[in-house]
Amino acid sequence: MAAAVKAVENQTKHSTKEELRVRQEAERSVMPERIGGADLKAPRGVKGAAATYWKQIISRCEDVILIDDLDREMLAVYCQMLVRRDKLNKLCEKLLKEALKNDADGETTEATDKLDGLIKQVAALERNLMTYADKLGFTPQSRVRLAQKRASAAAEDDPASTFFGC
């Protein structure tokens, strides 16, 4: 398992001033203070509630360079999964009310069995949502990991970084 990623201010590693500067610049490029914008259009399949999620996510990512045109399809799937999660949660609530009503009558129903299966589906869907969120850079750790990659790429491009085994 990979080590947890830390932001510059939380690191105890002794870095050179140049390493810190490059790392901080890379972090700024993925953190919300960054000015820029994501002017992405939703793919054709994103409609209804998924389109609402799309607009909300794009507006929240407006000042952060996380998503580009290559991420459109993955973001579309993520939005559709959010809608699916909402529908499953509503169905869970309906089945729970039905099960509680029938339980008050002293009857056990199929609703409880359906509810158990549905809860497992919701849990699996939420795990998938977290995987997508991590890959899209929506979690704090994934944004810091992206900053690390950008910092190391910038260090590799700097010819001065090869002096003295740095």
Side-chain angles (χ1 to χ4, degrees), residues 1-12 23-24 26-151:
M1 189 165 133
V5 181
K6 294 182 182 178
V8 168
E9 62 267 4
N10 296 332
Q11 290 182 356
T12 56
R23 176 69 185 267
Q24 287 170 340
E27 282 184 11
R28 269 188 245 114
S29 71
V30 294
M31 296 301 167
E33 295 85 39
R34 173 103 176 158
I35 297 173
D39 187 25
L40 297 175
K41 293 182 181 178
R44 288 186 182 174
V46 179
K47 296 179 182 172
T52 303
Y53 276 119
W54 177 278
K55 290 173 188 170
Q56 289 173 353
I57 291 168
I58 293 297
S59 69
R60 280 188 264 153
C61 292
E62 187 174 332
D63 294 336
V64 184
I65 299 177
L66 286 177
I67 302 169
D68 59 17
D69 197 41
L70 297 172
D71 298 321
R72 286 178 60 225
E73 296 301 321
M74 187 182 288
L75 181 59
V77 170
Y78 180 75
C79 292
Q80 291 166 343
M81 289 173 71
L82 288 170
V83 172
R84 201 171 298 134
R85 181 206 54 194
D86 292 346
K87 288 179 181 178
L88 286 173
N89 282 333
K90 285 181 185 176
L91 188 55
C92 279
E93 289 175 14
K94 180 181 173 186
L95 287 173
L96 183 61
K97 285 179 185 177
E98 182 182 320
L100 291 174
K101 184 183 88 175
N102 290 337
D103 191 38
D105 298 337
E107 299 177 17
T108 55
T109 63
E110 317 178 350
T112 4
D113 295 334
K114 289 180 184 176
L115 189 59
D116 287 338
L118 199 56
I119 289 172
K120 289 177 185 175
Q121 287 181 353
V122 169
L125 184 61
E126 287 173 346
R127 279 191 302 274
N128 287 339
L129 280 168
M130 288 307 298
T131 301
Y132 273 84
D134 191 52
K135 294 205 182 290
L136 287 165
F138 294 158
T139 62
Q141 187 170 352
S142 65
R143 287 192 298 272
V144 173
R145 191 171 32 250
L146 182 59
Q148 279 181 328
K149 287 180 184 176
R150 288 183 181 176

Asker: Looking only at non-hydrogen atoms, find the nearest pair between Trp54 and Val46 and report the distance.
Answerer: CB-CG1, 4.1 Å
Asker: Who passes side chain to side chain donor-acceptor pair (under 3.5 Å) against Asn128, sequence neighbours left out?
Answerer: none
Asker: Which heavy-atom pair separates Lys41 from Arg72 by the least distance, and what is that distance?
Answerer: O-NE, 2.9 Å
Asker: So which atom in Ile57 and which in Leu82 form the shortest heavy-atom distance, rounded to 0.1 Å?
Answerer: CD1-CD1, 4.2 Å
Asker: Distance check, rounded to the nearest 0.5 Å: Leu125 atom CG versus Lys87 atom NZ?
Answerer: 12.0 Å
Asker: Go through Phe138 and Leu75 one step at a time and tell me if the side-chain contact (heavy atoms from CB on, under 4.5 Å) criterion holds.
Answerer: CA-CA 11 Å; Phe138 294 158; Leu75 181 59; 3.8 Å; yes
Asker: With sequence neighbours excluded, what pairs up with Asp134 under the salt bridge (Lys or Arg N to Asp or Glu O under 4.0 Å) test?
Answerer: Arg145
Asker: Which pair of heavy atoms, one from Gln80 and one from Ala50, lies closest together, and at what distance?
Answerer: CG-CB, 4.1 Å
Asker: For the atom pair CE (Met81) and CE (Met130), what is the distance rounded to the nearest 0.5 Å?
Answerer: 11.5 Å
Asker: Nearest 0.5 Å, what's the CD-SG distance between Gln56 and Cys79?
Answerer: 9.0 Å
Asker: Using the side chain to side chain contact (heavy atoms under 4.5 Å, CB included) definition, which of the options Val122, Leu96, Leu118, Asp86 pairs with Leu91?
Answerer: Leu118
Asker: Which value, rounded to the nearest 0.5 Å, describes the distance between Tyr78 atom OH and Thr131 atom OG1?
Answerer: 11.0 Å
Asker: Counting distance only, does the side-chain N/O of Arg85 pair as donor-acceptor with the main-chain N or O of Glu126 below 3.5 Å?
Answerer: no
Asker: Indicate the atoms forming the closest heavy-atom contact of Ser142 with Ala133, along with that distance.
Answerer: OG-O, 4.3 Å
